[in-house]
Amino acid sequence: MAELSATLKQATPVVATRGEGVNLYDAQDNRYLDFTAGIGVTSTGHCHPRVVAAAQEQVGKLIHGQYTTIMHQPLLTLVERLGEVLPQGLDRLFFANSGSEAVEAALRLARQATGRPNMIVFHGGFHGRTVATASMTTSGTKYRSGFSPLMAGVQVSPFPDPLHYGWSQEEATRFALRELDYTLQTLAQPNDTAAFLVEPILGEGGYVPGSTEFFAGLRERADKHGILLIADEVQTGFGRTGKFWAGEHFDMSADILITAKGLASGFPLSGIAASSALMEKAWPGSQGGTYGANAVACAAAIATLDVIQDEGLVDNAAQRGAQLKDGLQQVADKHDEIAEVRGLGLLIGNEFRDKDGNPDGATAAKVQQEAARRGLLLLTCGPWGQVVRFIPALVVSEQEVDEATALWAESVAAVL
Ligand code: PMP
């Protein structure tokens, strides 16, 4: 009898048969409040009627086009529509299927455009699981151990992480920028460095927001040395943090922006955006793929943009996020073991610590399991698995947030 690979260890015992909004149902019609959203993917909720209708209509017209052979209308329309939401100047697009592929596309573009080999990434960053992207992922050894040697030419510099350094945000930022200068002076000479690759908020690394000063410092150094700044917004983009792009919280100005996850409400689609001057440096045929910008995925992405706009989902993420963070903070206030509740919009992490103040993945996992038993689906993140994260669909209602917060309070009380 065939079985799934042991690497696919499930975080919850749910076998879902259908989904609606933030709810999942199994064959017995048990309801689960899904605050994982397929790892931040189903931005408009499970099976939003407008996304379903758009995809169904497209399936009946054209499923696959292959963008280096023929062009199709959903892709042309999507490019136009993304032009309305992308940061100014980033108006040339390339599409792929997964976050990892898009990060690889950004890496290739940065190397081609600058003629330089090295990448500087930031500690705790997650950028994917292909060999090149795993080489730039430093949010846990499980993503790299056992399949080295990885890609050469990657240097890691600190990300400002106040809690773990025991510093203020200002101190952590100052430290991170000083270390970056040290890295540029001792390990990765600027003339050999193609790009800084960074998440505005560490995702798999534990939901740690960066700071305005940190990203301004990266921009300054990038401009000074002709290094590109790449923002990995795979998890943080498309309204998740209460702004369309998380970089907006920090006035971050990137040369290449990477998007995926929330872009197509669950259909595989990812992309990178850059200026025309930069994108022109990637010569024809050097980027591509059989399945990139699938017609049904593009139709779903257009519908996703319509829903985000018509239902005010970016504002909803900000408001429901504030409500959720407030509720989670009230729970944390009762338990010393929850060191911090942090994040922006509907991307919120609860960090667990043991009695010595060290990251406590075991307790985080127990609470996450308790929550699943009560019908609240959550995931963990962070290098030690010490953070329980809340990333519901952006359509989540006030009442669903209250329900989840109450189930969380019960789950925490059951363990602590
Ligand atoms: N970058 C970031 C910031 C991510 O969060 C992820 C996925 N968790 C990826 C890249 C990789 O995306 P994918 O799993 O679609 O390859």
Side-chain angles (χ1 to χ4, degrees), residues 7-9 11 36-43 94-110 119 121-140 142-144 147 150-151 154 156 159 195-210 215 229-241 245-247 249-250 252 254 256-273 289 291-294 297 300-301 343-349 378-383 385 387 389-391:
T7 62
L8 297 176
K9 192 172 165 289
T36 73
I39 323 189
V41 169
T42 54
S43 48
F94 168 77
F95 292 94
N97 307 284
S98 65
S100 302
E101 276 180 277
V103 174
E104 290 231 4
L107 160 74
R108 276 200 299 276
L109 175 60
M119 298 290 290
V121 300
F122 297 87
H123 220 148
F126 183 96
H127 301 291
R129 291 172 176 275
T130 59
V131 171
T133 57
S135 313
M136 302 189 288
T137 287
T138 56
S139 60
K142 68 180 169 194
Y143 303 119
R144 37 177 55 229
F147 44 86
L150 295 170
M151 181 181 77
V154 181
V156 189
F159 189 87
F196 301 136
L197 170 64
V198 69
E199 292 167 272
I201 304 173
L202 294 184
E204 304 304 310
Y207 282 19
V208 182
F215 297 120
L229 177 56
I230 307 176
D232 183 342
E233 291 244 21
V234 166
Q235 186 154 174
T236 54
F238 258 73
R240 163 84 23 217
T241 66
W245 304 107
H249 292 284
F250 312 107
M252 187 179 182
I256 305 176
L257 185 143
I258 308 170
T259 183
K261 290 195 188 276
L263 166 61
S265 291
F267 285 86
L269 186 64
S270 66
I272 62 170
Y291 294 107
N294 168 268
L344 290 164
L346 288 170
L347 182 138
I348 305 176
L378 300 167
L379 289 169
T380 56
C381 61
V387 179
R389 54 175 150 170
F390 284 62
I391 32 168

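These numbers come from the heavy atoms of this one structure, side chains and all, not from hydrogens, waters or symmetry mates. Atoms within a ligand are numbered from 1 in the order they appear, just like the ligands themselves.
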Worksheet item: With atoms numbered from 1 as shown, which atoms in ligand 1 lie under 4.0 angstrom from a non-hydrogen atom of Ser100?
Response: 11 (C), 12 (O), 13 (P), 16 (O)
Worksheet item: Okay, side chain of Thr137, backbone of Phe126: is any donor-acceptor separation there less than 3.5 Å?
Response: no
Worksheet item: Got a salt bridge between Arg389 and Glu204, using NZ or NE/NH1/NH2 to carboxylate O under 4.0 Å?
Response: yes
Discussion item. Under 3.5 Å between any N/O of Ile39 and any N/O of ligand 1: does that happen in this structure?
Written reply: no
Discussion item. Working note: Ile230 + Ile258, criterion side chain to side chain contact (heavy atoms under 4.5 Å, CB included); need CA distance, chi angles, decisive distance, verdict.
Written reply: CA-CA 8 Å; Ile230 307 176; Ile258 308 170; 3.6 Å; yes
Worksheet item: Under 3.5 Å, is there a donor-acceptor pair between the side chain of Glu233 and the main chain of Gly247?
Response: yes
Worksheet item: If you count the atoms of ligand 1 from 1 in the order shown, which ones are under 4.0 Å from a heavy atom of Gly99?
Response: 11 (C), 12 (O), 13 (P), 15 (O), 16 (O)
Discussion item. Taking 4.0 angstrom as the limit and counting only heavy atoms of Glu199, give me the atoms of ligand 1 inside it, by number and element.
Written reply: 3 (C)
Practice prompt. For Ser98, take its heavy atoms, then give the atoms of ligand 1 lying under 4.0 Å from any of them.
Written response: 15 (O), 16 (O)
Item to complete: Measure from atom 7 (C) of ligand 1 to every heavy atom in Lys261, Gln235, Glu204 and give the option owning the shortest one.
Response: Lys261
Worksheet item: Could an N or O of ligand 1 be found under 3.5 Å from any N or O of Asp232, whether backbone or side chain?
Response: yes
Worksheet, complete the sentence: Rounded to the nearest 0.5 Å, the OG1 atom of Thr236 sits from the CH2 atom of Trp245 at a distance of 8.5 Å
Worksheet item: Any idea how Phe122 and Phe196 line up, ring-wise: parallel (<30°), tilted (30 to 60°), or perpendicular (>60°)?
Response: perpendicular
Worksheet item: Nearest protein heavy-atom contact for atom 2 (C) of ligand 1: which residue, which atom, what distance?
Response: Phe126 O, 3.3 Å
